[in-house]
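Letters A, B, ... mirror the listed sequences (proteins, then strands); counts begin at 1.
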2 protein chains.
Amino acid sequence: MRQKRGGRAAGVTMEDVARVAGVSAMTVSRVLRQPTLVNADLKARVEAAIRETGYIYNLVASSLASQRSGIIALILPTVASSIFSDSVKGVSDVARTHAVQMIMAETNYAPAEEEKVIEALLRRRPDGFIIVGVSHTRATRALLEKSGVPVVETWDSTPTPIDSLVGLSNFDAMKAMTEALVAQGFRRIAFVGTATRDRRAQMRAKGYEAAIAEAGLGAPLILNAEDLTSMDSGRVIAERIAAMRPRPDALLCLNDVLAAGALLAFQRMGLTVPGDIAVAGFGGLDFSSHLSPSLTTVDIPRYEMGQKAAEMLIGRIAGTAARGGTCEMGFRIALRESTGGSRPTEAKAS
Amino acid sequence: MRQKRGGRAAGVTMEDVARVAGVSAMTVSRVLRQPTLVNADLKARVEAAIRETGYIYNLVASSLASQRSGIIALILPTVASSIFSDSVKGVSDVARTHAVQMIMAETNYAPAEEEKVIEALLRRRPDGFIIVGVSHTRATRALLEKSGVPVVETWDSTPTPIDSLVGLSNFDAMKAMTEALVAQGFRRIAFVGTATRDRRAQMRAKGYEAAIAEAGLGAPLILNAEDLTSMDSGRVIAERIAAMRPRPDALLCLNDVLAAGALLAFQRMGLTVPGDIAVAGFGGLDFSSHLSPSLTTVDIPRYEMGQKAAEMLIGRIAGTAARGGTCEMGFRIALRESTGGSRPTEAKAS
DNA sequence: ATGAAAGCGCTAACAT
DNA sequence: ATGTTAGCGCTTTCAT
């Protein structure tokens, strides 16, 4: 503790530790960062001095001097949803084993907001970005490219990622789900989408439309949910569906949250699932299998996508992975009770 | 862009912007931080130079020079659970309006891990901490006190917070819930707790025990869940409960996730809720009201706790709030269908 | 209202 | 194996 020009009391610095241990600051730094390079008893003396002084390493100074922050930035549509929490955990677990910290920001599914938060995070000089989605404003893309920071995009697919990609084909997955429903015998399959321009949502809607067209089932029937992440939105849709004549025989939802909201709402109205109407979701969230009837869904490897993205990013940061790396994740159609169970149909992976 | 000693290309700096604008770096800094202090046309020139060069402010350097990181640290038991996500959002929303960023870490409900993550985060020199829980190791408390960083603890209550507190009485809340069940006429009320030493969980268990004792209902009946945050854990408990003879007439759970898991499992086994057994939870999570039957729960102001904690912390950081500030949040017993609804009930029998 | 000098606490590069 | 020097890119303080 010393007095500064400004009169503020400062904390213990590396210099203080060095003085106590009778070495130079560089030796303290080495003990902390490359302990094998220093003599055992010097090391012990430094470690004792650290304990004695209560020194806490300053990563702000370290980041400035080394030009590496040890932070990776995670950009999500929303942080308050179970949809992404497993991916976050996947990233977080990998980050921890590499001693890097994670900083998150949410875009509320809006590219313009994404641009803002990425710009804000860039000020912290993160060593890399993991971004959910591949659809960005021109400015966002330019910003990231100019910054030279490694980027891994995920939860969607594209032939032209900014840098690297952990991909998921929302189109293929929702098309496969729709085809599975057709194979189960459903003929009037309605889809719950969104009016927002969220690319993952749009690709899923297109996958549904493609399957409907290929099956020759007539015009697709799409309803838009207000809020993609609330069960209440699912309930609202269910009420609209229930009032339709003729009523659809199956309701396919953009995600499991909406599907669960719809399923429970149907039951509350006295409709049986799947007897009166079948329900299917997307995401494979934990609670889906606990519902009664259990929810048919597209199971996607959320945790693994987070892990994989973090591993790729850390490889890019370390320079061991090349730019342009791509890895496509599969999905699995989990047919459960809400669509009449899992008579042996194909379980597709890609 | 310039060449450094090491030969690495560096980004645009404030100095570069200053040169382009024909001013000193200090003026650029002022334009960015206290724009009213600088002459309008100088300001315009600087802003043009910023745009022209694509300058991105460096918060790492700023943090080091100003001794303020603009980061607040959030310590949670777990990040991958809906239980805390609304509180996170509350903190995040307030943080954003004050242009501070948030960095999170999880403790997995373990004080020893909490100590580790707090030490790790302290290295980033956050301007303040928000910590879920009031139970910490001696070392954690000493560390935080020595660091002098403002701390707001939340989601639990104590007369001796480290610094400031946004309190919630888990004891009172669970006692009130138990009393409500007794008032509804339930007599064999089982409780799902945990074997871990998580203080909030323990206080809830104690609240239950106190109410059971006061009602003269005999010995409390406590089962421990493996995992506090999975519905599957609730299912396992439900199976054990269903096999008991005589069977409890109500099951009160530590949180809504366990309660939902149990409720759905009972239904799957063919038991009716609340006819065969009533179920109640804790937390007031969004999906509770959507279940069928809707789940009786203790509704707590999760988002508001996050908001309030962030506001207090920012006040402490700015120096406008004094140390030792405390604010106690309330709770609300939400009687719903899973315990027979909210008909006005008679006073409890003894 | 603007600028110059002197750090903030660390690490890269070089020297021994 | 350890130390010295010169920054990293800002902000604080003081001077003008």
> If you measure from the Lys or Arg side-chain nitrogens to the Asp or Glu carboxylate oxygens, is any gap between A/Asp41 and A/Arg45 under 4.0 Å?
Replying inline: no

Look at the side-chain N and O atoms of [X] and state whether any lies under 4.0 Å from the OP1 or OP2 oxygen of [N].
X        : N      : value
B/Ser24  : C/dG3  : yes
A/Ser62  : C/dG9  : no
B/Gln67  : C/dG9  : yes
B/Arg123 : C/dG9  : no
B/Ser66  : C/dC8  : no
B/Ser29  : D/dC10 : no

Rounded distance in Å - [atom1] ([X]) to [atom2] ([N]):
X       : N      : atom1 : atom2 : value
A/Arg33 : D/dT2  : CZ    : P     : 17 Å
A/Gln34 : C/dT11 : CD    : C1'   : 10 Å
B/Asp41 : C/dT2  : CG    : P     : 8 Å
A/Leu59 : C/dG9  : CG    : C1'   : 12 Å
A/Met14 : C/dG7  : CE    : P     : 20 Å
A/Met26 : D/dA6  : CE    : P     : 16 Å
A/Leu37 : D/dT2  : CG    : P     : 10 Å
A/Asn58 : C/dC8  : CG    : P     : 12 Å

> Where is the tightest heavy-atom contact between A/Lys146 and B/Val12, given as atom of each residue plus distance?
Replying inline: NZ-CG2, 4.3 Å

So do the side chains of [X] and [Y] get within less than 4.5 Å of each other, counting heavy atoms only?
X        : Y        : value
A/Arg200 : A/Tyr109 : yes
B/Ile131 : B/Glu114 : yes
A/Ser69  : A/Arg124 : no
B/Ile56  : A/Glu119 : no

>> So, under a plain 3.5 Å distance rule, would you say the side chain of A/Arg30 forms a donor-acceptor pair with the base of D/dG3?
In response: yes

> Closest nucleotide of DNA chain C for B/Gly22 versus for B/Leu64: which of these residues is on the 5' side?
Replying inline: B/Gly22

>> Taking the nucleotide of DNA chain C with the nearest heavy atom to each, does A/Tyr57 or B/Val23 sit closer to the 5' end?
In response: B/Val23

>> Please check if the number of heavy atoms outside B/Lys89 that lie under 6.0 Å from its NZ is greater than 12.
In response: yes

> For A/Ala25 and A/Thr36, take the nucleotide of DNA chain D holding the closest heavy atom to each; which residue's nucleotide lies nearer the 5' end?
Replying inline: A/Thr36

>> Using five base pairs at each end to define the local axes, how bent is the helix from C/dA1-D/dT16 to C/dT16-D/dA1, to the nearest 10°?
In response: 30°

> About how many Å separate CE of A/Met312 and CD of A/Glu153, when rounded to the nearest 0.5 Å?
Replying inline: 10.5 Å

